[in-house]
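Atoms considered below: every heavy atom in the structure, side chains included; atoms not considered: hydrogens, waters and symmetry mates.
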Amino acid sequence: MQQHYDLILVGAGLANGLIALRLQQQHPDLALLLIESDAQAGGNHTWSFHEEDLSPEQHRWIAPLIVHRWSHYYVRFPQRRRQLNSGYFCVTSQRFADLLTDRFGARLITQAQVSHMTPETVRLADGRTFSATAVIDGRGYLPDGALLTGFQAFVGQEWQLQQPHGLTAPIIMDATVDQQNGYRFVYTLPLSATTLLIEDTHYIDNALLEAQQARQHISAYAAQHGWQLEQLIREEQGALPITLAGEHKRFWQHRQLACSGLRAGLFHPTTGYSLPLAVALAEHIADSAPASFLNFMR
């Protein structure tokens with residue numbers, strides 16, 4: 001028997017996960033289903049944002065996702081260094097996955113490959129079929145000829161150090177490093193007194209960053225700062241789209257389904273960051289449901 005839901009969210013990444021959480025907060029009676037191809041929601045990511053990116057109400061409702069917070073952060077350039085006295089926050093994919101699993105249980109299906117989608121149905125590769133009032137596709141960025149993009153590509157490693165690192169706040173952009181014929185910076189988050197996330201980041205024309213070279217850059221950067229790397233806890237890789245030019249009307253004409261997040265082009269054109277827009281979209285959908293739910297989604 002085909003199961004019916006008010007909303008099916010295909011892809012349990014940042015955007016769709018936030019939509020699900022906000023709808024559950026505002027409209028707990030709605031029947032929601034999340035479908036994810038990976039082993040857990042959220043993938044393997046770290047999402048950070050500035051205090052001013054969100055309103056006080058938005059800060060309030062995403063507070064359960066926040067794992068780390070700092071009162072200030074640093075930027076470094078060859079001829080200028082600054083401390084910016086503004087809040088900076090971090091969401092980890094593990095906290096994100098744990099919260100979605102706790103809130104949705106069996107209504108979060110993982111390791112599920114989608115074979116076919118329409119605005120009102122989803123069929124999985126194993127034959128299961130689900131119907132809904134609406135379906136949102138949030139499966140990540142899909143290259144489209146209507147947009148010309150570059151990428152902010154990175155490899156990040158979370159390390160346990162032998163000794164405390166001494167940082168009091170993140171260095172969100174250290175561009176004093178060798179630029180390597182492009183634009184490169186290192187991003188560092190102090191997660192504890194002896195734990196660092198260090199990311200080697202490049203603005204490049206394609207999404208392919210040479211991972212082994214990036215790992216060497218991270219090791220060299222740590223050595224330069226006297227940080228003795230003891231144990232690698234985890235590694236993440238990513239490539240955020242950066243809009244160079246395009247025809248946004250044509251981009252949307254190519255969308256056959258309601259979309260969210262990077263799939264919908266909802267990312268900052270210079271940094272590729274999407275969390276503030278994902279929060280805003282989740283609020284907009286929740287504020288429109290359930291009275292105008294069907295009309296809004298279409």
Shortest non-hydrogen separation from Gly13 to Phe96 and the atoms involved: O-CZ, 3.3 Å

Residues Phe89, His68; criterion ring-ring contact (aromatic ring centres under 6.0 Å, His included); working and verdict: CA-CA 6 Å; Phe89 301 83; His68 304 283; over 10 Å; no

Verdict with reasoning, Trp47 to Ser93, per side chain to side chain contact (heavy atoms under 4.5 Å, CB included): CA-CA 8 Å; Trp47 298 287; Ser93 54; 4.2 Å; yes

Heavy-atom pair with the smallest gap, counting every atom of Ser86 and Glu52: OG-OE2, 2.5 Å

Salt bridge (Lys or Arg N to Asp or Glu O under 4.0 Å) evaluation trace for Arg184 with Asp200: CA-CA 8 Å; Arg184 171 179 171 244; Asp200 186 46; 2.7 Å; yes

Residue pair His27 / Ala286: nearest heavy atoms and the distance that separates them: NE2-O, 2.7 Å

For the student: nearest non-hydrogen atoms of Ala15 and Ala278, plus distance: CA-CB, 4.0 Å

Six-ring centre of Phe77, Arg81 cation under 6.0 angstrom, axis tolerance 45°: no

Where Leu262 and Gly272 come nearest, the two heavy atoms and their spacing: CD2-O, 4.2 Å

Asp174 and Tyr221: side chain donor to acceptor below 3.5 Å: yes

Sub-4.5 Å side-chain heavy-atom contact between His59 and Ile66: no

Arg22/Glu57 under salt bridge (Lys or Arg N to Asp or Glu O under 4.0 Å): CA gap, chis, key distance, verdict: CA-CA 12 Å; Arg22 189 57 173 166; Glu57 169 61 15; 3.3 Å; yes

Min side-chain heavy-atom separation Leu65-Leu21 under 4.5 Å: yes

Salt bridge (Lys or Arg N to Asp or Glu O under 4.0 Å) evaluation trace for Arg255 with Asp144: CA-CA 10 Å; Arg255 308 298 99 174; Asp144 188 295; 2.4 Å; yes

Side-chain heavy atoms of Trp159 within contact of Thr194, under 4.5 Å: no

Flag for Glu283-Trp61: side-chain donor and acceptor within less than 3.5 Å: yes

Derivation and outcome, side-chain hydrogen bond (donor to acceptor under 3.5 Å, both in side chains), residues Glu210 and Gln212: CA-CA 6 Å; Glu210 216 301 303; Gln212 187 55 40; over 6 Å; no

Between Ser71 and Tyr88, a side-chain donor and acceptor under 3.5 Å: no

Close side-chain approach of Leu197 and Thr188, heavy atoms under 4.5 Å: no

Sub-4.5 Å side-chain heavy-atom contact between Ile136 and Leu7: yes

ring-ring contact (aromatic ring centres under 6.0 Å, His included) assessment of His202 paired with Phe151: CA-CA 8 Å; His202 299 247; Phe151 293 89; over 10 Å; no

Side-chain H-bond candidate by donor/acceptor type, Glu230 with Gln228, under 3.5 Å: no

Nearest heavy atoms of Pro190 and Leu167, plus distance in Å: CB-CB, 4.1 Å

Close side-chain approach of Arg123 and Val114, heavy atoms under 4.5 Å: no

Audit row: Leu33, Ile8, side chain to side chain contact (heavy atoms under 4.5 Å, CB included) steps and yes/no: CA-CA 5 Å; Leu33 178 67; Ile8 298 175; 4.3 Å; yes

Phe104 and Leu34, any side-chain heavy atoms less than 4.5 Å apart: yes

Spacing of CD belonging to Gln231 relative to CD belonging to Glu158, to within rounding of 0.5 Å: 10.5 Å

pair Leu84-His72: side-chain heavy atoms closer than 4.5 Å: no

Trace of the side-chain hydrogen bond (donor to acceptor under 3.5 Å, both in side chains) decision for Gln40 with Asp38: CA-CA 5 Å; Gln40 70 174 25; Asp38 288 340; over 6 Å; no

Stepwise salt bridge (Lys or Arg N to Asp or Glu O under 4.0 Å) test for Glu51 and Arg69: CA-CA 10 Å; Glu51 184 171 8; Arg69 62 191 71 209; over 6 Å; no

